[in-house]
Amino acid sequence: MRLASFDCGRIGCVEGENIVELIGIGENSEFAHSPMRTLIQKGNWSSLVGSSRGPSVPLAEVVLDPPVPDPSKIFAAPVNYVDHQKEMEQAFQVSGLGLFLKAPSSLVGSGGTLQLPYHDRRFDQEGEFAVIIGKMARNVSVDRALDFVFGYSTLLDITMRGGEDRSTRKSFETFTPMGPWIVTADEFGDPADVDLKCWVNGELRQHANTKDLIWGVAELIAYASSVTTLLPGDVITTGTPAGVGSIFDGDIVEAECSGIGGRLNVKVSAAGATASVTTGGNSGSALVGGSKEKGGNS
Ligand code: MN
């Protein structure tokens with residue numbers, strides 16, 4: 001099943017070129033979770049979806065939101081493909097570095113605008129395969145980890161290069177495009193054999209398969225759940241392969257994972273960009289035009 005959030009607070013099933021709205025899933029309260037997070041949390045999502053079908057509208061007529069607009073956290077893997085470790089000249093990979101957190105408020109839906117905050121810093125695209133957690137998970141084993149998956153989606157981990165902390169460089173507003181929707185785990189197939197592609201202005205920059213992940217989906221869930229409790233709707237993004245590069249005002253960034261059945265896309269804007277507030281420390285690649293070959297943090 002393909003599940004999407006749209007038009008600020010509605011959810012539905014994507015069926016062909018249409019979206020069938022699901023009615024009455026989330027409470028209409030300022031303090032409630034989004035309908036998607038509520039649906040995931042309720043557990044019996046399959047029967048709920050069956051009993052909540054409303055009107056069908058063309059996908060082309062809706063504005064997509066991030067599939068889960070309000071996860072309690074987004075965990076991300078820093079260096080989880082060997083080819084990306086080489087291109088960034090990183091001494092350590094995920095097994096040395098662990099995971100980092102991105103602010104959930106950095107999410108934006110497919111078709112949205114990616115807003116660059118500064119005109120004097122380098123920003124890169126990172127196409128990634130993302131996992132959405134289905135139920136509370138704490139200290140789960142690698143063997144059982146996939147039982148805790150709700151579904152999968154495509155994500156862009158947009159990054160400012162430089163020496164600031166990853167949680168800052170990757171948490172600017174709109175720096176986590178996600179979508180276009182979730183495919184539930186029961187229909188998705190093997191997360192260890194997913195073809196990942198990422199384009200900028202139609203040019204293919206990244207092409208990899210999740211079989212080359214250093215820590216696969218199960219290892220990432222097991223590790224994250226050893227750090228803290230994972231909640232329904234939480235996102236773990238698995239890391240990016242080689243091919244990251246600069247993005248600029250007006251660029252179109254697209255990413256696609258096989259099995260999702262749709263392409264995530266955003267338009268880059270530098271409207272209103274200012275000078276960077278921070279210096280980027282001593283990283284040689286922090287400035288616009290900076291080369292990834294000169295090092296800097298992934
Ligand atoms: Mn990343």
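Heads up: numbering here begins at 1 and tracks the sequence. Read the numbers this way: they start at 1 and go in the same order the structure lists the ligands and their atoms. Just so it is clear, the model here is predicted, and its values are computed rather than measured.
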When you compare the side chains of Thr159 and Lys170, does any donor N or O come within less than 3.5 Å of an acceptor on the partner? yes
Using atom types as modelled, flag every donor-acceptor pair under 3.5 Å from a side chain in residues 130-143 to any protein atom, sequence neighbours excluded.
| from | atom 1 | to | atom 2 | distance (Å) |
| --- | --- | --- | --- | --- |
| Arg138 | NH1 | Ser225 | O | 3.1 |
| Arg138 | NH1 | Ser226 | O | 3.2 |
| Ser141 | OG | Arg144 | N | 3.2 |

List-wise, which protein N, O or S atoms are found short of 2.8 Å from the Mn ion (ligand 1)? Glu126 OE1, Glu128 OE2, Asp157 OD2
Do you see a donor-acceptor pair shorter than 3.5 Å between the side chains of Ser276 and Asp120? no
Glu21: which residues meet the side chain to side chain donor-acceptor pair (under 3.5 Å) condition with it, sequence neighbours left out? Arg10
Less than 4.0 angstrom from a charged side-chain N to a carboxylate O is my criterion; do Arg2 and Glu17 meet it? no
Going by side chain to side chain donor-acceptor pair (under 3.5 Å), name the residues that satisfy it together with Asp190, two or more places apart in sequence or in a different chain. none
